[in-house]
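Inspection log for the structure reproduced underneath, given as structure tokens.
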Amino acid sequence: MGRYLVTGGAGYVGSHTVLALLDRGDQVVVLDDLSKGHRAAVPAGATLVNGRCDDPKAVAAAFALGPFDAVLHFAALSLVGDSMRDPMRYIGENLAGVTCVAGAAVKTGVRKFVLSSTAALFGFPERVPIDETQRLEPVSAYGESKLVCERALDWADRVHGMRFAALRYFNAAGADPDGRAGEDHDPETHLVPLAIGAAMGTRPPLTVFGTDYDTPDGTCIRDYVHVTDLADAHLRVLPLLEERSVRYNLGNGTGYSVKQVIETVGRIGGMPVPHSTGPRRAGDPAVLVASSEKLRMETGWAPTFPDLEDIVHTAWTWHAAHPQGYNKLV
């Protein structure tokens, strides 16, 4: 049994990772200011410290509940569009959060750090699926912010011996199969919950941005990974940090188009997804799919929910039980 600090543990991927840790018998402290996350998303078995990751006092209060075997860092600003409107905020806050938490980890003797990174580090990829050998050229301030965070952690490794894992993925989707947690963002920007909300009538009709891409049905293809599988990957890299730092791309290996997602949501939910078409959005590549071959080979990770139908089914079930998200639970 270990003891772990999870920053952003009241958020989407963070809360599912907290569940995975608790399920295997670990003890968990969550550091989250609840600006984007939800108090109701923090499982009863975890201890919550309400505070920001770039606030030294809040970080010190969280580390006082240690000692910790590792830190898993999810807290970050993460909207690509917002990052292009306010790049300095994104780069500044995301880097400040990492350096403040990692600095406290070094001071308290924590030598393992897992960063929730992004495949947006690769910008417009040279080839698909995207593997770890491709050139790092972010085309958004969000992607750039995660790249500088990885570089900062590399220096913590070089100078202080704090090993880190950076997991680079695109689209988390789905919900805890047991219904204990789900996806609830404000604003919501992810396709699966937007499509589900449109079908249920809890959100406006969906807009499909671009139908003339060089793909089989003309709409963008993206990589969707079940959030429970993402949580599992974060746990699987921990043993590797005994000896070295690692960087992994993380994806299903199979991409699904916007039309496929809409059709699957309609089929699973038994009701159509109201939608219209609009022009392409600037900067949207036709296909983005990440390779997980290196992660699979070195950790044995494999998705438990590789099919879009399974991903959508768990998401639909959670949203049907929580039409107002976590608000009904507060």
Side-chain angles (χ1 to χ4, degrees), residues 1-34 36-38 41-43 45-54 58-59 61-78 94-95 97-106 108-118 146 149-150 152-154 156-157 162-169 172 176 180-181 225-242 244-248 250 295 299 301:
M1 182 174 68
R3 189 169 182 82
Y4 297 91
L5 174 64
V6 180
T7 70
Y12 179 39
V13 183
S15 64
H16 284 78
T17 303
V18 172
L19 284 172
L21 288 165
L22 293 174
D23 285 347
R24 72 178 197 178
D26 295 315
Q27 297 177 338
V28 181
V29 174
V30 169
L31 175 61
D32 199 304
D33 67 356
L34 304 181
K36 299 295 184 183
H38 306 271
V42 180
T47 300
L48 173 66
V49 176
N50 191 334
R52 290 173 57 94
C53 290
D54 58 359
V59 171
F63 274 90
L65 299 176
F68 298 110
D69 295 283
V71 174
L72 296 95
H73 185 74
F74 297 92
L77 299 172
S78 61
N94 286 351
L95 179 59
V98 164
T99 55
C100 189
V101 174
V106 168
T108 57
V110 179
R111 289 296 180 263
K112 296 180 181 179
F113 194 105
V114 181
L115 174 69
S116 173
S117 190
T118 176
K146 290 291 189 174
C149 287
E150 287 195 20
L153 291 174
D154 187 53
D157 181 357
M162 187 182 75
R163 311 302 184 206
F164 75 96
L167 295 182
R168 302 157 168 174
Y169 50 91
D176 174 58
R180 296 172 295 175
V225 185
H226 197 282
V227 64
T228 298
D229 290 326
L230 286 178
D232 178 51
H234 284 77
L235 272 56
R236 284 179 180 266
V237 298
L238 288 169
L240 303 181
L241 302 185
E242 295 287 347
R244 59 191 174 98
S245 292
V246 294
R247 294 176 173 88
Y248 293 115
L250 177 52
L295 177 70
T299 71
W301 178 86

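None of the values given here were measured: they were computed from a predicted structure.
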Do [X] and [Y] have side chains that get closer than 4.5 Å, going by heavy atoms?
| X | Y | value |
| --- | --- | --- |
| Cys53 | Leu31 | yes |
| Tyr248 | Leu240 | yes |
| Arg111 | Glu242 | no |
| Arg247 | Asp154 | yes |
| Asp69 | Tyr4 | yes |
| Asp32 | Val42 | no |
| Val237 | Leu295 | yes |
| Trp301 | Asp229 | yes |

Just verifying a value: how many Å separate [X] [atom1] and [Y] [atom2], rounded to the nearest 0.5 Å?
| X | Y | atom1 | atom2 | result |
| --- | --- | --- | --- | --- |
| Leu115 | Leu167 | CG | CG | 8.0 Å |
| Thr299 | Leu250 | OG1 | CG | 9.0 Å |
| Leu238 | Leu21 | CG | CG | 7.5 Å |
| Leu22 | Thr17 | CG | OG1 | 11.0 Å |
| Thr47 | Gln27 | OG1 | CD | 8.5 Å |

Please find the pair of heavy atoms, one from [X] and one from [Y], that lie closest to each other, and give the distance.
| X | Y | answer |
| --- | --- | --- |
| Val98 | Cys149 | CG2-SG, 3.5 Å |
| Ala152 | Thr99 | CB-CG2, 4.3 Å |
| Glu150 | Ser117 | OE2-OG, 2.7 Å |
| Thr108 | Phe63 | OG1-CD2, 3.4 Å |
| Cys100 | Val59 | SG-CG2, 3.8 Å |
| Leu19 | Pro43 | CD2-CG, 3.5 Å |

Problem - Trace of the salt bridge (charged side-chain N to carboxylate O under 4.0 Å, His left out) decision for Asp157 with Arg163 - result: CA-CA 5 Å; Asp157 181 357; Arg163 311 302 184 206; 2.4 Å; yes
Problem - Intermediate values then yes/no, side chain to side chain contact (heavy atoms under 4.5 Å, CB included), Val29 and Arg3 - result: CA-CA 8 Å; Val29 174; Arg3 189 169 182 82; 3.7 Å; yes
Handout entry: Donor-acceptor contact present, side-chain Lys146 to main-chain Asn94, <3.5 Å
Key =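 A pair under 3.5 Å: no.
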Practice task
Might you work through the side chain to side chain contact (heavy atoms under 4.5 Å, CB included) test for Val114 and Val71, ending with a clear yes or no?
Solution key: CA-CA 6 Å; Val114 181; Val71 174; over 6 Å; no
Practice task
Can you label the angle between the His234 ring and the Phe74 ring as parallel, tilted or perpendicular, going by 30° and 60°?
Solution key: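 Tilted.
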Practice task
Name the orientation class of the two ring planes belonging to His73 and Phe113 (parallel below 30°, tilted from 30 to 60°, perpendicular beyond 60°).
Solution key: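 Judged by the thresholds at 30° and 60°, the geometry between His73 and Phe113 is tilted.
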